[in-house]
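Written out below as structure tokens is the structure these notes cover.
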Protein chains: 2
Amino acid sequence: MAQTEGAEKSGTRAEMREETERAILDAAEGIFAEAGFGGATMQAIADSCGLPKANLHYYFSSKEKLYRRVVERIFTVWLEAADSFDTDATPEVALRRYIERKMQLSRDYRYGSKVWANEVLHGAPIIQDYLETTLRSWTETRVAVIRRWIAQGAIRPVEPRWLLYMIWATTQHYADFAHQIETLNHGPLEADQWDDATETVCSIILRGIGIDPGAPA
Amino acid sequence: MAQTEGAEKSGTRAEMREETERAILDAAEGIFAEAGFGGATMQAIADSCGLPKANLHYYFSSKEKLYRRVVERIFTVWLEAADSFDTDATPEVALRRYIERKMQLSRDYRYGSKVWANEVLHGAPIIQDYLETTLRSWTETRVAVIRRWIAQGAIRPVEPRWLLYMIWATTQHYADFAHQIETLNHGPLEADQWDDATETVCSIILRGIGIDPGAPA
DNA sequence: GTCTATAGATTGATAGAC
DNA sequence: GTCTATCAATCTATAGAC
């Protein structure tokens with residue numbers, strides 16, 4: 001019974017450690033998103049999760065290692081969403097599902113998206129290896145699928161990369177530029193605005209590549 | 001003849017001052033873009049333009065004032081580009097010209113776009129007033145024009161804001177996420193890739209809102 | 001494992017010679 | 001106007017009591 005109990009529900013030592021780590025990672029994600037790596041301070045992260053600054057260094061040896069863990073967690077979430085791009089489905093189903101999932105991600109994980117944007121904006125000093133391995137191979141498989149659709153005459157001939165960039169850019173814009181959007185909107189987007197925006201993005205892109213989209217799923 | 005001459009061409013005192021200020025602003029734009037406000041240091045900016053750190057404080061009293069000047073300069077460039085959205089032209093001409101200009105901006109002023117993205121990402125602490133005044137009124141006039149097009153049956157009915165966000169997101173992505181794009185591309189985009197990307201963005205968006213686009217201008 | 005106190009390094013900003 | 005030297009504040013990281 002040497003361990004301090006804190007406010008969290010008690011559990012095994014491993015569970016408590018995991019809980020504390022997650023609390024720190026959540027706080028760090030928010031601070032890194034709003035201030036960038038350079039602008040964020042360990043003190044601000046500590047305050048955000050109600051822990052002394054020294055505890056952060058106990059769980060994550062350095063600011064850079066903590067940041068790396070934050071970015072890795074975000075990449076994992078992104079990868080799971082990326083799987084919603086079903087390479088066996090029709091173009092309409094595959095793209096619609098992927099876009100809808102990406103829009104949902106922008107809505108639910110705004111800070112994660114912002115941290116990722118920040119990282120790429122600054123030349124990806126931490127995640128360059130992910131870009132060159134995981135992201136590149138994911139992209140190449142999808143490029144191949146889109147080329148097949150084009151060869152089959154299912155969609156108009158467009159360079160697949162420009163299409164993917166368009167989907168990434170448009171969906172992530174709703175997270176990364178949320179502040180600008182909310183300023184122009186005089187407040188956060190309502191649920192029906194999110195739905196309408198999602199449907200508009202889907203329909204413009206699908207029509208744009210020659211598909212006449214049916215009703216949303 | 002008390003003034004030091006330096007490497008620049010000599011001129012009036014005012015011209016020299018302007019020249020030095022611009023050199024500092026150029027350097028600052030690059031450093032702020034790559035590191036963010038918090039990550040950038042006056043030393044790094046000074047090194048980048050080959051001046052002692054103290055000189056930066058002589059021309060711009062503080063880091064924040066220098067940053068503000070950088071952001072203001074970028075906003076001016078953005079505004080000039082925004083004028084290419086001709087409210088008297090047909091939807092096809094107006095949108096195509098606007099998209100082409102925005103893509104050109106992403107290519108020519110990558111760092112400016114990155115600084116802007118950084119600023120909005122972090123909640124626009126410096127430029128909030130621009131968002132609420134200039135950007136908001138520009139947007140409202142364009143929203144009105146797009147609604148008129150819809151009423152005339154010239155384009156499909158879509159919420160004008162989502163369409164504008166799509167154009168902003170997609171075009172700016174080529175600057176803000178240039179590092180990711182270049183990693184996937186195994187190098188910078190070639191001239192013909194820029195042209196193809198621009199044409200693809202135009203054609204998808206125009207077809208997406210119900211316009212059958214002709215040949216590019 | 002948790003917390004206080006502090007070391008060690010860096011940074012924005014300024015003083016003052018030239 | 002330019003530059004060197006330096007101050008005062010801040011930050012990452014750690015030492016050491018509990």
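Lettering of chains follows the sequences in order, A, B, ..., and the numbering in each one begins at 1. Hydrogens, waters and symmetry mates are skipped; everything else that's a heavy atom, side chains included, is used.
- The residue A40(B) sits close only to the backbone: its heavy atoms come under 4.0 Å of sugar-phosphate atoms, none of a base.
- Among the protein residues, A46(B) comes within range of no part of the nucleic acid, since none of its heavy atoms lies under 4.0 Å from any strand.
- Electrostatic pairing of E140(A) and R161(A) does not count as a salt bridge here, judged by no charged N lying under 4.0 Å from a carboxylate O.
- Atoms NE2 (H57(A)) and P (dA7(C)) sit 17 Å apart, rounded to a whole Å.
- Rounded to whole angstrom, the span from the CG atom of L51(B) across to the C1' atom of dG12(C) amounts to 17 Å.
- Looking at L206(A) and I99(A), their side chains never come closer than 4.5 Å, going by heavy atoms from C-beta outward.
- Closest to the side chain of K53(B), out of dA15(D), dC3(D), dA13(C), is dA13(C).
- The CD-C1' distance, from Q43(A) to dA5(C), rounds to 13 Å in whole Å.
- Nearest nucleotide to the side chain of N55(A), out of dC3(C), dC3(D), dA13(D): dC3(C).
- Nucleic acid contact class of F60(A) (heavy atoms, under 4.0 Å, all strands): none.
- Of the candidate nucleotides dC3(C), dG1(C), dT2(D), dT2(D) has the atom nearest to the side chain of Y59(B).
- A straight line from NZ of K63(A) to C1' of dA9(C) spans 14 Å, rounded to a whole angstrom.
- Distances were taken from every side-chain heavy atom of R17(B) (C-beta onward) to each of dT4(C), dA13(C), dG1(D); the shortest belongs to dG1(D).
- Put simply, CD1 on I45(A) is 12 Å from P on dC11(D), counting in whole angstrom units.
- Ring planes of W78(A) and W168(A): perpendicular class, angle over 60° (limits at 30 and 60°).
- In this entry the distance linking CD of E18(A) with C1' of dG1(C) reads 17 Å, nearest Å.
- As a whole-Å value, the separation of Y58(B) OH from dG16(C) P is 18 Å.
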Worked verdict on E29(A) versus Y109(A) for side chain to side chain donor-acceptor pair (under 3.5 Å): CA-CA 10 Å; E29(A) 188 171 291; Y109(A) 296 92; over 6 Å; no

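- Sequence order on DNA chain D of the closest nucleotides to G50(B) and T41(A) puts G50(B) first from the 5' end.
- Straight-line distance from the CE atom of M42(B) to the P atom of dC7(D): 20 Å, rounded to whole Å.
- In this structure, R68(A) pairs ionically with E72(A), as a charged nitrogen and a carboxylate oxygen lie closer than 4.0 Å.
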